[in-house]
Amino acid sequence: MSDPLFAELAAEFEARHGRPPLGFWSAPGRVNLIGEHTDYNRGFVLPFAIDRRAVVALGPAAPDAQGVARVSSTFSDEIVEIALADLAPAALDGWSAYPLGVAWALAERAAAASETEVPAATSTLPGFALHIHSAVPIGAGLSSSAAIECATAVALNEFWQLGLTPTELARIGQIAENQAVGAPTGIMDQSASMLGRTDAAVFLDCRSMSTESVPLGLAAEDLEILVIDTRVSHDHATGGYAARRASCEFAAATMGVGSLRDLTPADLPRMQERLDDETFRRARHVITENDRVEETVRRLESDGPRSIGDLLDASHVSMRDDFEISVPELDLAVATAQANGAIGARMTGGGFGGSALALVPRAQRPALEARILERFRELSFRQPDLFVVHPSAGATMKGHVDD
Ligand code: ADP
Ligand code: MG
């Protein structure tokens, strides 16, 4: 690995941990192309991994610190140390709960496997030192958290010789985030980060947990995906998310099904009779969104990426009017993109702020960017951050210094 980043990273690791690392592993952030608030309704999502990655350098613990995990990051001056034997969700907090939560979840998994499959093989996992260097911006809706979890998971999977598959490692990342960090998130982010491929999206069925790589074909069509980060974040985002989840659960229970995934657009008329208007609209978003994700996959396969614009647009309208999770800044970004050459546009992520995405011909992108900045200025909105993301490969499974 001759990349200057790796030389820099090796130096950073050595400065913090006193010796060179064994190797480097990396995993990307993600953007969700379509399928919003469908994951916890056991529905469909279609995210892709992006060309911004978290890289971790990892090496064995120092000779005088056997059995100790020691983690550092360019993001913080703090170095966090803990004995592997003491790893537990309650012992972890702050940024280090992400990498150490993954270490905990993997150690638990190894312990469970050693009881059933390979007795004594994993009773003493070796300690390690790990340094994180991430190019995934925090809180921009690109899942910097999954990038760190997945990069740590692939590194430790190899260092501890656990042999887990990418899908199993995605689940480890989710367990770390749910239990060690305490964020009740689905498995979408980690699946995209682990399973992404160049110029492809990851079609994930959150009921069966099956995944499929779906080629996007953006490069051949000279298309790009522009992310417009509004830098708006609302205080009620957490409460709003919980309220939407509760509405979905209530709608499913009223209709006598386990989750909204068990209903289709054909059920909508009888749902409208039985649910109050707001609950009905919440459920309609989820049910039509599942339909749009499946249709997006079909159209990508048969007609290519230029054919999905109206589905992206319809997804935004559904989130704005039925699910009511958009904000004026997101609506402005989407409308401006649609009026200035985008094939389709929608807000992406949990809502109440965050980012929108626009599928746009490469030649039109600079003019669109200028127009978005201009419109945000005209309405006295905070200037958004604009960046292009390229659907990219997921986590690297191997990364020795001498590769
Ligand atoms: P996002 O939408 O970016 O995933 P989250 O709140 O889920 O936002 O995760 C962000 C958190 O992940 C940060 O507050 C920090 O604790 C952790 N994190 C992200 N990037 C880094 C990094 N480079 N080093 C250490 N921790 C990081
Ligand atoms: Mg996150």
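In this chain, numbering begins with 1 at the start of the sequence shown. Whatever order the structure lists them in is the order used to number ligands and atoms, beginning at 1. All values below were derived from every heavy atom in this structure, side-chain atoms included, with hydrogens, water molecules and symmetry-related copies excluded.
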Checklist line | Option from Arg292, Arg284, Glu289 for which side-chain hydrogen bond (donor to acceptor under 3.5 Å, both in side chains) with Ser318 holds | finding: Arg292
Notebook entry, point to check: With a cut-off of 6.0 Å (strictly less than), are more than 12 heavy atoms of other residues, nucleotides or ligands near CG of Asp222?
Noted result: yes
Notebook entry, point to check: Using a distance-only test with no angle check, is there a side-chain donor-acceptor pair under 3.5 angstrom linking Asp331 and His316?
Noted result: yes
Next item on the list: Please tell me if the side chains of Leu312 and Thr296 come closer than 4.5 Å, counting only heavy atoms from C-beta onward.
Entry: no
Next item on the list: Would you check if the Mg ion (ligand 2) lies under 2.8 Å from any N, O or S atom of Thr185?
Entry: no
Item checked: Protein contact to atom 9 (O) of ligand 1 [nearest heavy atom, distance to 0.1 Å] -> Ser145 CB, 3.4 Å
Notebook entry, point to check: Is any N or O atom of Thr74, backbone or side chain, closer than 3.5 Å to an N or O atom of ligand 1?
Noted result: no
Check: Side chain, backbone, both or neither: which part of Trp95 comes within less than 4.0 Å of ligand 1 when only heavy atoms are counted?
Finding: both
Notebook entry, point to check: Would Thr348 and Asn32 count as having a side-chain donor-acceptor pair, cut-off 3.5 Å?
Noted result: no
Margin query: Out of Ala147, Ser144, Ser76, who is nearest to atom 3 (O) of ligand 1 when you count heavy atoms only?
Written below: Ser144
Notebook entry, point to check: Going by distance only, is there an N or O of Gly139 that falls short of 3.5 Å from an N or O of ligand 1?
Noted result: yes
Check: Relative to ligand 1, is Ser73 under 4.0 angstrom through side chain, backbone, both or neither, heavy atoms considered?
Finding: side chain
Next item on the list: Please work out whether the ring planes of Phe24 and Phe6 are parallel, tilted or perpendicular, with thresholds of 30° and 60°.
Entry: tilted
Notebook entry, point to check: Measuring from Leu260:CG to Phe250:CZ, what's the distance to the nearest 0.5 Å?
Noted result: 12.0 Å
Check: Tell me, which protein residue and heavy-atom name are nearest atom 6 (O) of ligand 1, and how many Å apart are they?
Finding: Tyr98 OH, 4.1 Å
Checklist line | Within reach of ligand 1, part of Ile148 (heavy-atom separation under 4.0 Å) | finding: side chain
Next item on the list: Give the residue, atom name and distance (to 0.1 Å) of the protein heavy atom nearest atom 13 (C) of ligand 1.
Entry: Ile138 CG2, 3.9 Å
Checklist line | Modelled atom types, side-chain donor and acceptor of Arg346 and Ser315, under 3.5 Å | finding: yes
Check: In the protein, what heavy atom is nearest to atom 23 (N) of ligand 1, and what distance, to one decimal place, separates them?
Finding: Ser134 CB, 3.5 Å
